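Worksheet: one structure, shown below.
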There are 2 protein chains.
Amino acid sequence: MQLSLAEENYLKAIYFISGPERNLVNTNAVAERLDTKAATVTDMLRKLKKKGLVSYEPYKGVRLAETGEKLAIGILRKHRLWETFLVEKLSFGWEEVHEIAEQLEHVRSSKLTERLANFLGNPQFDPHGDPIPNKEGVFPRRENLTLDKAEVGDFLLVKGVKDSSVDFLNYVAKLGIRLGDSIEVMGVESFDQSMKLKHEGSVLHLSAMACANIYISRG
Amino acid sequence: MQLSLAEENYLKAIYFISGPERNLVNTNAVAERLDTKAATVTDMLRKLKKKGLVSYEPYKGVRLAETGEKLAIGILRKHRLWETFLVEKLSFGWEEVHEIAEQLEHVRSSKLTERLANFLGNPQFDPHGDPIPNKEGVFPRRENLTLDKAEVGDFLLVKGVKDSSVDFLNYVAKLGIRLGDSIEVMGVESFDQSMKLKHEGSVLHLSAMACANIYISRG
DNA sequence: ATAAATTTTTAGGCAAATCTAAAAATGAAT
DNA sequence: ATTCATTTTTAGATTTGCCTAAAAATTTAT
Ligand SMILES: [Mn+2]
Ligand SMILES: [Mn+2]
Ligand SMILES: [Mn+2]
Ligand SMILES: [Mn+2]
């Protein structure tokens with residue numbers, strides 16, 4: 001199946017919006033995510049349906065068909081591999097790579113994808129801690145535990161970020177927090193749930209909102 | 001200037017057809033190279049002219065304007081850098097990389113291009129021995145001497161291939177000839193100008209046609 | 001110098017992906 | 001159960017890149 005760039009982006013958008021529960025996705029949600037108009041989305045949904053990539057009933061919503069999901073995951077795999085390449089091999093900052101990977105993910109060559117994965121040491125997670133599906137589309141397991149759920153006295157490892165906006169990524173980088181770092185919860189302010197943390201020997205204060213966007217694992 | 005993929009391919013096609021002498025390029029030549037129709041080319045030439053990227057007079061021909069040439073060389077730089085990456089880092093064969101580089105060359109990010117160049121050690125020549133222009137668009141010098149011009153007794157170094165077709169690249173690879181190898185001319189058959197060569201200790205026979213497509217330098 | 005062949009452009013269309021504006025369906029509120 | 005608001009689709013255009021067929025210009029041959 002030879003997809004256009006636009007079709008690939010629609011599949012990926014539907015994949016993300018529908019989430020792990022594979023919910024029905026609204027036309028407007030797709031339009032907003034792709035920064036386009038609802039009428040444009042309707043056109044594309046009919047096209048994707050005709051190609052058998054989604055199930056779509058007018059006014060009801062859309063969800064990925066099996067083929068569509070396979071393709072979406074394939075594009076996601078490429079996206080995250082390229083992001084890893086850019087950070088690990090070309091020394092890009094983790095806030096710079098998404099935009100470039102949005103282009104690279106559309107390069108068609110399964111041999112390239114697999115050679116790249118191998119060159120990178122078959123990474124399981126991308127620079128933001130997001131799981132990279134393997135060639136068969138299977139994701140490595142990751143606890144979806146965020147820092148705000150931790151308790152005083154916990155010793156934790158930083159596993160990823162939930163919010164991958166440039167602003168948040170820059171903020172986390174400025175704090176010196178990197179994936180794999182260990183953090184100890186020293187206290188939680190009951191007024192606003194902000195946290196006092198020990199990180200690399202020094203003490204940090206993070207808002208509840210920031211904590212809710214950092215993935216961690218226990219010990 | 002934000003170019004479409006099609007526009008970039010036209011600029012590159014005109015660049016190659018016009019050659020180092022910057023000759024006027026015919027509509028049909030562009031159509032043939034891009035595997036499209038003359039009428040389509042005419043449309044695009046008017047568009048590129050309006051953008052100031054080419055000078056074009058109906059029925060006369062087209063040539064790149066300064067901006068157009070700069071852009072074409074920039075795409076060529078990316079193409080050859082990606083080819084180098086694929087061969088050097090991902091162990092692709094030199095006959096496989098052109099097609100993939102045709103896609104990668106359109107990825108827009110000057111930071112990516114320069115990081116990639118740096119990662120590769122700022123190579124001067126691509127896997128086919130073709131010169132890689134630097135960031136300013138300046139090409140490294142290469143003698144355009146081919147093996148068929150050499151004489152008996154010459155000691156030579158293989159510098160590149162003139163014909164980059166998959167067939168020829170496979171043939172040269174099968175012979176075991178690689179860039180940088182040294183070759184000694186043992187004899188030239190006066191009947192058909194085929195050459196008897198010493199390469200890596202053994203003796204090779206190459207047709208005049210093959211020899212005319214191998215770039216060499218003297219000692 | 002004409003005629004024939006070739007090249008190039010023009011005319012008219014088509015498919016993909018987008019838009020705006022209007023109509024229709026759905027869902028929420030009285 | 002109507003009415004109102006929101007969501008979604010339809011209708012009608014636009015732009016880009018491509019096509020075929022016909023016309024026009026240029027080049028080549030007689
Ligand atoms: Mn990303
Ligand atoms: Mn990522
Ligand atoms: Mn190439
Ligand atoms: Mn090359």
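The chains referred to below are lettered A, B, ... by the order of the sequence lines, with proteins before strands, and numbering in each begins at 1. Nothing here was measured: the structure is a model prediction, and the numbers come from that model.
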Between [atom2] of [N] and [atom1] of [X], the distance in whole Å:
{"X": "Asp43(B)", "N": "dA21(D)", "atom1": "CG", "atom2": "C1'", "result": "14 Å"}
{"X": "Lys37(A)", "N": "dT7(D)", "atom1": "NZ", "atom2": "P", "result": "15 Å"}
{"X": "Glu7(B)", "N": "dC18(D)", "atom1": "CD", "atom2": "C1'", "result": "14 Å"}
{"X": "Leu24(A)", "N": "dG27(C)", "atom1": "CG", "atom2": "P", "result": "12 Å"}
{"X": "Leu3(B)", "N": "dT16(D)", "atom1": "CG", "atom2": "C1'", "result": "14 Å"}
{"X": "Arg46(A)", "N": "dT18(C)", "atom1": "CZ", "atom2": "P", "result": "15 Å"}
{"X": "Met44(A)", "N": "dA15(C)", "atom1": "CE", "atom2": "C1'", "result": "12 Å"}

ask   = Is there side-chain contact between Val62(B) and Val41(B), with heavy atoms separated by less than 4.5 Å?
value = no
query = Can you give one letter per nucleotide of nucleotides 2-9 of chain C, 5' to 3': B if a protein heavy atom sits under 4.0 Å from the base, S if only from the sugar-phosphate, - if neither?
reply = -----SBB
key: Axial cation check for Tyr215(A) ring with Arg142(A), 6.0 Å and 45° limits   = yes
message = Could you tell me if Lys89(A) sits above the aromatic ring of Phe85(B), with its cationic atom closer than 6.0 Å to the ring centre and no more than 45 degrees from the axis?
response = no
query = Is a salt bridge present between Lys149(A) and Glu143(A), judged by a nitrogen-to-oxygen distance below 4.0 Å?
reply = no
request  = Run the salt-bridge test on Glu99(B) and Lys111(A) with the 4.0 Å N-O cut-off and return the result as yes or no.
outcome  = no
message = Checking Ser217(B) now: which residues fulfil side chain to side chain donor-acceptor pair (under 3.5 Å) with it, not counting sequence neighbours?
response = none
